[in-house]
Number of protein chains: 2
Amino acid sequence: MQLSAQQSARFERDGYVFLPEVFSPGETALLRAEAARIYASTRPEVVREKDGATARTAFAVHIFSEPFRRLAAHPRLVRPVEQLLGGKCYIHQFKINAKAAFDGDVWQWHQDYGTWSRDDLMPEPRAMNIALFLDDVTEFNGPLMFIAGSHRQGVLDAGHDTATTSYPLWTLDHATVRQLAERGGLVAPKGPAGSVLMFHCNLVHASPGNISPYDRSIVYVSLCEVGNHIRQFKRPEWIAHRDFTPIEPLADDCLAELIAAPAAAE
Amino acid sequence: MQLSAQQSARFERDGYVFLPEVFSPGETALLRAEAARIYASTRPEVVREKDGATARTAFAVHIFSEPFRRLAAHPRLVRPVEQLLGGKCYIHQFKINAKAAFDGDVWQWHQDYGTWSRDDLMPEPRAMNIALFLDDVTEFNGPLMFIAGSHRQGVLDAGHDTATTSYPLWTLDHATVRQLAERGGLVAPKGPAGSVLMFHCNLVHASPGNISPYDRSIVYVSLCEVGNHIRQFKRPEWIAHRDFTPIEPLADDCLAELIAAPAAAE
């Protein structure tokens, strides 16, 4: 799987590319069931919402879950990123954001590279995100909002927000967001489960709370070009990985295999 | 202004009717400026968000503001409601919900008549809401979400939520909302400032927080058929009115007059 010249150009201009239904309903169902199992477990990698109960984020699931280990090396995710970053990549962060029905909380306006740069000393923004929808993402269940083209501003001033939600984040102030939105406008890509959203690590984004009766789990894989690995190990290993081994993509049917032979997932 | 047979039938079936651009940009700008002036004032009728600063709701503004006094008797709002309720009406509640950019908080799933019935002893659901958009309402700034057809369920069990936001509300539990949404589906009518949304007082609705850089003020006028007036005066007079005088609609140009002669608004 390769991006077309048009898709690459669009990524450069807008900071994101949306690819509907990259994974099949069967593959997505497998991952969704595995995510539910992980949310219900009590591991330090599973961060809760402020209520202390609802799962907010499950980090580093590719380390302890076979379906997600395979997803992390899936050619449909890895190949397009290698193409855009121009080289082999390693996994900087791998998480599932749950945004549960009724209780999923907001993510304030931020740039991911703002955190990777400040907290992890990642040298350059030669890294990016892939979001894989495990549920249908609609206008109702807290879709990701982007400010189109905002990645071209470089790293913007940010403050460390440790109060709004249960997870600390370098967030942008209101004046900056207002100004950027006037220029680029907001966009909230939506689509069925199995769709993929690739976006630049400097793209300004946020997502509102989910008060709808529909869950909205999204897997976020953050890949970094190997030579651009982080220099500072301040955050826990399961939040900012220290294993810079280049990903060797698996076969395209690596998830389908698990559906055919579920025992392999144990 | 009268609703067509088709619009009335739609109201009966779905519980709401959306009427785009009922008020002109000039009329809407007049009301929006007045709303901003009211938010900045320190009156007991202006309820703040949990942060203690951002305006959440301004109640009874038609009592102390000339533009809103005229809006409350505007024929484009009053006539269609008289038609649907089959008689003269009085103002049960009149408020502006601010849902400010970045800080506007959620309204949990509820039925308005659930509160009017329990707290105010309003005998029957012969009352309804009119929402007038003072700002453009988009997918980004916390649009109202309805469960279509849910008004036909009558009054549903509810619990008194005094914790989630700064305003107490009789809210529905998750299982009920999930079940109703499976049946009717969600809908979030959106449109430019000046649009009007009329909805049944038993229609189940909610609205998410607004983390976008765009304000989203909506005026809510709750009208009740005069014979169906409330029997219990437990809530403050400016939240549940005790003046049951039937509204006498003003002329269609009652707001345009104020734009032509601003001094009349003092």
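Because only heavy atoms are used, hydrogens play no part in the values below, and waters and symmetry mates are left out as well, while side chains stay in. Sequence lines set the chain letters: A, B, ... in the order given, protein chains first and strands last, and positions in each chain run from 1.
A:Trp107 places none of its side-chain heavy atoms less than 4.5 Å from the side chain of B:Ile211. The closest side-chain heavy-atom distance from B:Pro213 to A:Leu186 is below 4.5 Å.
Contact tally against chain B (heavy-atom pairs below 4.5 Å) for A:Pro208, A:Pro143, A:Ala101: the top residue is A:Pro208.
Contact annotation for residues 43-60 of chain A against chain B (heavy-atom separation below 4.5 Å): no residues qualify.
Neither the backbone nor the side chain of B:Thr138 comes within less than 4.5 Å of any heavy atom of chain A. Residue contact with chain B, scored on non-hydrogen atoms closer than 4.5 Å, involves the side chain of A:Asp103 exclusively.
For the atom pair A:Phe102 CZ and B:Arg178 CZ, the distance stands at 5.0 Å (nearest 0.5 Å). To the nearest 0.5 Å, the span separating NZ on A:Lys190 from CD on B:Glu139 amounts to 3.5 Å.
Annotation for A:Trp109 and B:Ser212: closest pair CZ2-CA, 4.3 Å, computed over non-hydrogen atoms.
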